[in-house]
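The first residue of the sequence shown is numbered 1, and numbering continues consecutively from there. The shown structure was predicted, so the numbers you read here are calculated from the model rather than taken from an experiment.
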Amino acid sequence: MDKIQYHTYTVADLKAWIIRGEDNGLSERIISLTRANALMHCPYVKDDDVMVISAMDGDNVVGYTAIFPEHLLRPDMWIAMGTTLWVNPDYADDFVGYNLVQRLWKAYPQYSVIGSDVSRPAAMIDKLLGACILKYERHGFVFHRNIQVHSLRNLASRVLEPYRIYRQRKAVGRVMAMIPANIRVIARDTIDAEAYDFICAHSESDTFLRSREMLNWILRYPFSVENSLVRYAVKSNAFSDQVGVNRNYLLQIYMADMLIGIVMFGYRGNDMHVKMLYTDTTHKELVFALIIDTMVNSSIERLYSLYPELNAFIATHQVALRDTVQPLLFTYPKSIKCLEPFVLQGIDGDMFA
């Protein structure tokens with residue numbers, strides 16, 4: 001008999017644990033309370049849908065993963081998004097990760113299981129199960145920093161930093177001059193009909209078009225909760241829901257009374273991620289300039305972006321102190337060739353987490 005036991009939990013099980021306090025095997029060692037509550041409120045879940053799978057060695061949690069379903073408007077299809085895959089490194093030889101993901105795939109036989117921003121080991125598991133892997137570049141632009149001197153190289157950078165900051169300020173001033181006086185920006189906590197119509201009208205190059213209900217679920221049900229005393233927080237699992245800063249919010253950008261852009265930002269600690277970006281061709285550089293305005297007038301240190309045009313704008317105008325590039329892996333079943341050429345928004349999959 002295999003010493004590793006796998007347990008499957010449905011939406012109904014999540015509700016029993018969260019709402020009625022039932023002791024059914026679920027705990028924050030397997031999934032955080034905040035994430036579990038968000039998943040059970042996903043607009044496309046049903047009570048009998050599998051949500052969480054755990055791997056147990058006796059009373060010890062040695063692995064877990066979760067998933068949620070979604071209906072895309074374009075292409076018109078059902079997908080399922082794997083999320084929070086973790087395996088105790090001591091059990092790497094027991095194929096726990098493979099067995100967890102395989103069970104997710106079997107739980108959604110009529111769905112296309114997709115992974116976004118997955119780790120390399122998770123991508124390899126998906127590949128073994130028949131998925132394709134795509135690699136994207138996520139740029140990280142440094143806008144504010146404090147260089148600590150630990151070597152001669154650090155010392156040289158510290159000496160040159162005042163010059164870089166001076167050059168940055170001049171560059172930022174030129175970008176700010178692009179913003180006309182009749183710009184209005186409204187922050188929203190929901191996507192209304194006007195905003196969603198704009199998204200649909202300017203999403204022709206995107207691979208995925210999510211429903212308005214799904215986008216509003218993402219805004220209303222974050223996977224983490226802000227804790228001003230996070231240094232005292234108890235970390236129950238590898239995907240803790242206790243963080244100092246973690247929020248998504250939406251900006252609608254108008255020139256006079258005309259909507260010209262929609263941007264969703266995700267704040268994570270000292271970082272900001274561009275999660276959604278829609279604008280028309282005529283006003284795209286103006287919207288980019290407003291994103292720069294957000295960065296330089298805040299304490300945010302880094303801006304992360306998957307958007308080639310925004311990345312090129314930032315690089316061309318030299319408004320960042322440094323540009324780093326990280327790989328982002330995206331997996332999908334070979335059977336869904338209709339999704340190519342795979343242009344992503346920063347919020348696609350579970351990258352809003």
Side-chain angles (χ1 to χ4, degrees), residues 31 35 38-39 42-45 51-53 64-75 77-86 97 100-101 104-105 107-108 111-140 199 203 205-211 214-215 217-219 221-224 238-239 246 248 264-266 268 271-278 304-308 310-311 325-353:
I31 186 170
R35 187 182 294 258
L39 290 178
C42 175
Y44 296 109
V45 300
M51 284 276 98
V52 179
I53 302 176
Y64 51 78
T65 190
I67 197 166
F68 59 90
E70 177 176 359
H71 183 256
L72 298 172
L73 276 90
R74 191 184 65 243
M77 64 182 296
W78 284 90
I79 63 171
M81 293 301 314
T83 186
T84 67
L85 175 62
W86 175 83
L100 286 167
V101 176
L104 283 188
W105 283 52
Y108 288 83
Y111 292 56
S112 294
V113 181
I114 289 173
S116 61
D117 200 7
V118 297
S119 66
R120 190 169 296 278
M124 292 301 104
I125 292 172
D126 287 348
K127 187 175 182 178
L128 286 173
L129 290 168
C132 298
I133 303 175
L134 291 176
K135 186 176 179 180
Y136 291 83
E137 288 187 346
R138 175 167 50 201
H139 285 247
I199 289 170
S203 64
S205 64
D206 290 351
T207 299
F208 303 112
L209 177 60
R210 296 182 118 152
S211 68
M214 194 69 179
L215 294 177
W217 171 70
I218 290 168
L219 281 170
Y221 287 95
F223 282 4
S224 299
F239 299 91
N246 186 89
N248 298 319
M264 183 188 291
F265 292 124
R268 308 289 183 266
D271 300 336
M272 188 174 78
H273 296 250
V274 182
K275 294 295 185 179
M276 195 161 63
L277 176 57
Y278 291 101
Y304 289 98
S305 165
L306 276 173
Y307 301 92
L310 173 60
N311 297 342
V325 181
Q326 302 173 338
L328 184 147
L329 301 180
F330 179 90
T331 64
Y332 68 99
K334 295 177 182 177
S335 59
I336 55 172
K337 300 195 182 292
C338 61
L339 295 186
E340 296 176 355
F342 291 97
V343 176
L344 295 184
Q345 284 283 332
I347 201 173
D348 283 339
D350 70 336
M351 291 190 288
F352 56 85

**Q** Quick one: closest heavy-atom pair of Lys135 and Pro327, and the distance?
**A** CE-CB, 3.5 Å

**Q** Looking at OG of Ser112 and CD of Glu70, how far apart are the two atoms once the value is rounded to the nearest 0.5 Å?
**A** 12.0 Å

**Q** Quick check: do Pro308 and His139 have side-chain heavy atoms less than 4.5 Å from each other?
**A** no

**Q** Taking the six-membered ring for Trp, are Phe223 and Phe239 closer than 6.0 Å centroid to centroid?
**A** no

**Q** So, for Leu85 and Ala122, which heavy atoms are closest and what is the spacing to 0.1 Å?
**A** CD2-CB, 3.9 Å

**Q** Leu72 vs Ile79, test: side-chain contact (heavy atoms from CB on, under 4.5 Å). Steps then yes/no.
**A** CA-CA 7 Å; Leu72 298 172; Ile79 63 171; 3.9 Å; yes

**Q** For side-chain contact (heavy atoms from CB on, under 4.5 Å), just list the numbers for Phe330 and Val118, CA-CA rounded to whole Å, side-chain angles, deciding distance to a tenth of an Å, and then say yes or no.
**A** CA-CA 7 Å; Phe330 179 90; Val118 297; over 6 Å; no

**Q** To the nearest 0.5 Å, what is the distance between CG on Leu219 and CE on Met276?
**A** 7.0 Å

**Q** With no hydrogens and no angle check, is any side-chain donor or acceptor of Ser305 less than 3.5 Å from a backbone partner on Asn311?
**A** no

**Q** In a table with atom names and distances, give each donor-acceptor pair under 3.5 Å that connects a side chain of residues 343-353 to protein atoms at least two apart or in another chain.
**A**
from	atom 1	to	atom 2	distance (Å)
Gln345	OE1	Leu277	N	2.9
Gln345	OE1	Tyr307	OH	2.6
Gln345	NE2	Asp206	OD2	3.1
Gln345	NE2	Leu277	O	3.3
Asp348	OD2	Gln345	N	2.8
Asp350	OD1	Ser116	OG	3.1
Asp350	OD2	Thr83	OG1	2.7

**Q** Under the side-chain hydrogen bond (donor to acceptor under 3.5 Å, both in side chains) test, which residues partner Arg268, sequence neighbours left out?
**A** Asn246, Asn248

**Q** Where do Val113 and Thr331 land on the side-chain contact (heavy atoms from CB on, under 4.5 Å) test, with the steps shown first?
**A** CA-CA 8 Å; Val113 181; Thr331 64; over 6 Å; no

**Q** What are the two closest non-hydrogen atoms of Tyr64 and Ala238, and how far apart are they?
**A** OH-N, 2.9 Å

**Q** Calculate, to the nearest 0.5 Å, the distance between atoms CZ and CZ belonging to Arg74 and Arg210 respectively.
**A** 13.0 Å

**Q** Just how far is it from atom CZ of Arg138 to atom CG of Leu329, taken to the nearest 0.5 Å?
**A** 9.5 Å

**Q** Checking the side chain of Trp105 only, and the main-chain atoms of Asp126 only, is there a donor and an acceptor separated by less than 3.5 Å?
**A** no

**Q** What is the distance from atom CG of Leu306 to atom NZ of Lys275, rounded to the nearest 0.5 Å?
**A** 8.5 Å

**Q** Show the nearest heavy-atom pair for residues Val45 and Pro69, with the distance to one decimal.
**A** CG1-CD, 3.7 Å

**Q** Show your working on side-chain contact (heavy atoms from CB on, under 4.5 Å) between Tyr332 and Leu134 and close with a plain yes or no.
**A** CA-CA 8 Å; Tyr332 68 99; Leu134 291 176; 3.8 Å; yes

**Q** Between Tyr44 and Trp78, what is the ring plane arrangement, given parallel below 30°, perpendicular above 60°, and tilted in between?
**A** perpendicular

**Q** So do the side chains of Val274 and Tyr304 get within less than 4.5 Å of each other, counting heavy atoms only?
**A** no

**Q** Minimum heavy-atom separation for Ile31 to Ala66, with atom names?
**A** CD1-CB, 4.4 Å

**Q** Quick check for you: to the nearest 0.5 Å, what is the distance between Ile67 atom CD1 and Met51 atom CE?
**A** 7.5 Å

